Amino acid sequence: VQLQASGGGLVQAGDSLILSCSASGGTFSDYAMAWFHQAPGKEREFVAAISRSGGTSNYADSVKGRFTISRDNAKNTVYLQMISLKPEDTAVYYCAARYLFMRQSAGEYNFWGQGTLVTVSS
């Protein structure tokens, strides 16, 4: 499975942004999808994950109520809608795919996109 993330950019604190990740090369609905982020000098951290059908999702505590993960299996795309962005959300955001079941550990995901940079200025 190949993943291509897009939608990052420079925004101000309080702004909103939507990231997209398009998939190819596999049966998209067979894969749980997730977003992780990695700030400079830090490890890659879990942000959100969504089940194959889209019926179940979970979030890191730091983004609950501000970020929403969704997917469109007809378009082979997963989204991350981010509102009320904070400077501490600044990071490279990666989408990831895992066969069948979602997890929160980066090491359990087999396929990764190239990352898209989100910078939130104060």
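All values reported here derive from a predicted model rather than from experimental measurement. What's counted below: heavy atoms across the whole structure, side chains too, no hydrogens, waters or symmetry copies. We're numbering straight along the sequence, starting at 1.
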side-chain contact (heavy atoms from CB on, under 4.5 Å), paired with Phe28, selected from Asp72, Asn73, Thr77: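 For Phe28, the side-chain contact (heavy atoms from CB on, under 4.5 Å) check succeeds only for Asn73.
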Check: [X] side chain, [Y] main-chain N or O, donor-acceptor pair, under 3.5 Å:
| X | Y | value |
| --- | --- | --- |
| Ser53 | Gly55 | yes |
| Arg98 | Ala32 | no |
| Ser57 | Ile50 | no |

Spacing of [X] atom [atom1] and [Y] atom [atom2] [to the nearest 0.5 Å]:
| X | Y | atom1 | atom2 | result |
| --- | --- | --- | --- | --- |
| Ser51 | Met33 | OG | CE | 12.0 Å |
| Thr27 | Arg52 | OG1 | CZ | 12.0 Å |
| Arg103 | Tyr109 | CZ | OH | 8.0 Å |

task: State yes or no: are the ring centers of Trp35 and Phe67 separated by less than 6.0 Å?
output: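 Aromatic pair excluded; centres sit 6.0 Å or further apart.
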Are [Y] and [X] connected in a single hydrophobic cluster, I mean Ile/Leu/Val/Met/Phe/Trp/Tyr linked by side-chain heavy atoms less than 4.5 Å apart?
| X | Y | result |
| --- | --- | --- |
| Tyr79 | Tyr93 | no |
| Val78 | Leu100 | yes |
| Leu3 | Ile69 | yes |

- prompt: Looking at Tyr94 and Arg44, what are the two nearest heavy atoms and their distance?
  reply: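 Closest heavy-atom pair between Tyr94 and Arg44: CZ-NH2, 3.4 Å.
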- request: Dump the intermediate steps for side-chain contact (heavy atoms from CB on, under 4.5 Å) on Gln4 and Gln114, then the final yes or no.
  value: CA-CA 6 Å; Gln4 180 76 34; Gln114 85 289 1; 3.2 Å; yes
Is there a side-chain contact between [X] and [Y] (heavy atoms, below 4.5 Å)?
| X | Y | value |
| --- | --- | --- |
| Val92 | His37 | no |
| Tyr99 | Asp30 | yes |
| Lys86 | Arg66 | yes |
| Tyr31 | Asn110 | no |

task: Assign the ring pair Trp112 / Phe36 to parallel, tilted or perpendicular, where the plane angle (0 to 90°) is split at 30° and 60°.
output: tilted
Steps toward side-chain contact (heavy atoms from CB on, under 4.5 Å) verdict (Met102, Thr56): CA-CA 9 Å; Met102 58 183 183; Thr56 302; 3.2 Å; yes
Could you give the side-chain donor-acceptor pairs of residues 14-24 under 3.5 Å, partners two or more places apart or in another chain?
{"residue": "Asp15", "atom": "OD2", "partner": "Gln12", "partner atom": "N", "Å": "3.0"}

Compile the donor-acceptor pairs under 3.5 Å between side chains in residues 115-122 and protein atoms, sequence neighbours left out, one pair per line.
{"residue": "Thr116", "atom": "OG1", "partner": "Gly8", "partner atom": "N", "Å": "3.0"}
{"residue": "Ser121", "atom": "OG", "partner": "Val11", "partner atom": "O", "Å": "3.3"}

